[in-house]
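Chain identifiers are assigned alphabetically (A, B, ...) following the order of the sequence lines, protein sequences preceding nucleic acid strands; residue numbering begins at 1 within each chain.
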Number of protein chains: 2
Amino acid sequence: MSYVLSGKRTISAPTRERVERSIQQLGYHPNAGARALASSRSDIIALMMPLRTDMYVPVMMEIAMAVATTAREHGRDVLLLTDQEGPEAVRRVIGSGLADAMILMDVELEDARLPLVHESPRPSVLIGLPADTDGLTCVDLDFVATGRLCVDHLAELGHQELAVIGEAAAVYERHTGFAERTINGVRERVAELGLRMLHRPCEGSFESMAGALARIFDERPGTTGIIVQNESAVGPLLSLLRQQGRAVPEDISVVAVCPDQVATQTSVALTSVAIPAHEMGRRAVELVMAKLGAAGAGRARAAAPRETVVRLLSPRLTVRASTGHAPRLVR
Amino acid sequence: MSYVLSGKRTISAPTRERVERSIQQLGYHPNAGARALASSRSDIIALMMPLRTDMYVPVMMEIAMAVATTAREHGRDVLLLTDQEGPEAVRRVIGSGLADAMILMDVELEDARLPLVHESPRPSVLIGLPADTDGLTCVDLDFVATGRLCVDHLAELGHQELAVIGEAAAVYERHTGFAERTINGVRERVAELGLRMLHRPCEGSFESMAGALARIFDERPGTTGIIVQNESAVGPLLSLLRQQGRAVPEDISVVAVCPDQVATQTSVALTSVAIPAHEMGRRAVELVMAKLGAAGAGRARAAAPRETVVRLLSPRLTVRASTGHAPRLVR
DNA sequence: CTGAAAGCGCTAACAG
DNA sequence: CTGTTAGCGCTTTCAG
């Protein structure tokens, strides 16, 4: 029991002073490896990010940063993993004791990492919702509520015919869940309010957006409200609408689901539902810490109680310049 | 010398088989802490990222991903640090033996972390160039050459009056170096070729861009070539030019310094010099590995030879749809 | 309240 | 080529 003992034992003032002076003088740094070996905790949290850099990059980045800073506030470090290594990375990192816990980003509905998470002796937290959340701890934005919220806002302004411009088709095929959930929320609320809607996936490119818009106004010329959930489509959308002589918000109202930074940097500041990336990262770490604490509390470190925790963050809509009253029906 | 011994010793077939079978059966995982303690290497590389999420986010992300995947290919893991902890993070991580080496991103001209890097007993690699590179190992895009390259391209097309739309003023004030270096390259080449140029910083917003453009065409109505170095300004720039009735590339040619993804997602595909984020990350790891190897080679692990290595990546310009011959002087 | 001692699971050096 | 052994620097338990 050499030194300061991290306050686990009561220490008298003189001893503590003596020790702390020596620490200063010798430039002492406790050795991480030795500490990990003796205590069987590394004080490291692994964060597994998607390698794919084609979607929501700023959001991913912000989550990672929030995880890193929050972890440090709790005295933990973060190990950065990518999914290129495959699901086995979970076993490698946990099995070797390199990390005490894991945070998984970009969780898919049937995620290949889930079996490993279930058999892992260490706590994990998912950012995103898989199909079956049983026994898991998850954080995510409540995308169903997000969809409903967007519809509510447009409905209050008198819009009756809506269109959703979603993520690229590939995103839906990958079953990432969040895209579908938003659409479901929109559908529900549209049905409840007796409105009409159309849904078109869209890549980030101008061509793709041009196509999507053409099909929308072709099938439903009366469309006056658009909900976009696709960061990179926002710029093209606004440019094209302007090019087509459709004024925002006089002719068309636009609600985006995107980070605030994107919403405020466009030509017309966008009414939007923010993606609370920072809070998602922070919450994930806090849930991890809670689970780590709980594990230690159990006398003989009983197997974790296999609790299911799903923390859905409530969406918040910020009204900016891109939404307004529906134009009067001229006819 | 219990097991497979990672091939440091020659092992006979039968023994190896026996051992490997046991490993499989028992689901054995070498303990990271113990290994680190015994070998005094953690096989972890620390990566320190800027917390600031206002600039070049996709580039930062891509670098981080490249570092993570390349590190894994070399059997190393990556510890994610942010600069919120301050420069002391370097000492903490290296001093405790948590990491064997460091990669620092977003290096400023007079970076506060440099003194700690110099006194650190472990190798570091910087991504970016500080003012004084003596004794350091750095990787970066050759921004001076980038500036020259942009000018060359426009000059070949007959453009005589150029304008550079740069990063936000704050970036220059922070002395990150790369912004200045690009401008220097542009200035040099403009002078050599007897052209004229203007330089205006610019935030990412429409308003800021509108202001910058107004001042440019006000002072130099004959400007026909624009060089943009500011990801988030690209969208606004193109929109505003179109709005003002200036056709790209017929009236105005635009060369961007930005990731390829940005260059290809705009309304007019941009002629651009790519920021080789992936390669920067990969090279950084390779330099780290080389230094780690070199350190081990020295008999008594002699203090590193304090070598200076500055690896500047050559810029490559891709011609796309945004540049063309300068319009004939009508007069 | 504080000293002493026993490992944690590995690597590296030493004998065979 | 292979078995044995001595620590690596901490945390934790056991005596005082």
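Closest approach to the A:A34 side chain among C:dT11, C:dC10, D:dG9 is made by D:dG9 (side chain taken as heavy atoms from C-beta onward). Which of C:dG9, C:dC10, D:dC10 sits closest to the side chain of A:Y28 comes down to D:dC10.
Across the protein-nucleic acid pair, B:L37 atom CG and C:dG7 atom C1' stand 12 Å apart, rounded to whole Å. At whole-Å resolution of the value, CG in B:N31 and C1' in D:dT11 are 14 Å apart. If you take CZ of B:R35 and P of C:dC10, they are 8 Å apart, rounded to a whole angstrom. A:D43 places its CG atom 14 Å from the P atom of D:dC10, with the value rounded to the nearest Å. As rounded to whole Å, 16 Å separates atom P of C:dG9 from atom CG of A:L98.
One finds a salt bridge joining A:R92 and B:D77 here, because a Lys/Arg side-chain nitrogen approaches an Asp/Glu carboxylate oxygen to under 4.0 Å. For the pair B:R181 and B:D140, the salt-bridge criterion is met [side-chain N within less than 4.0 Å of a carboxylate O].
Remark: B:A66 pairs with B:H278 by the side-chain contact (heavy atoms from CB on, under 4.5 Å) rule, at least two apart or across chains.
Panel note: side chain A:D260, backbone A:A274; no donor-acceptor pair is recorded below 3.5 Å.
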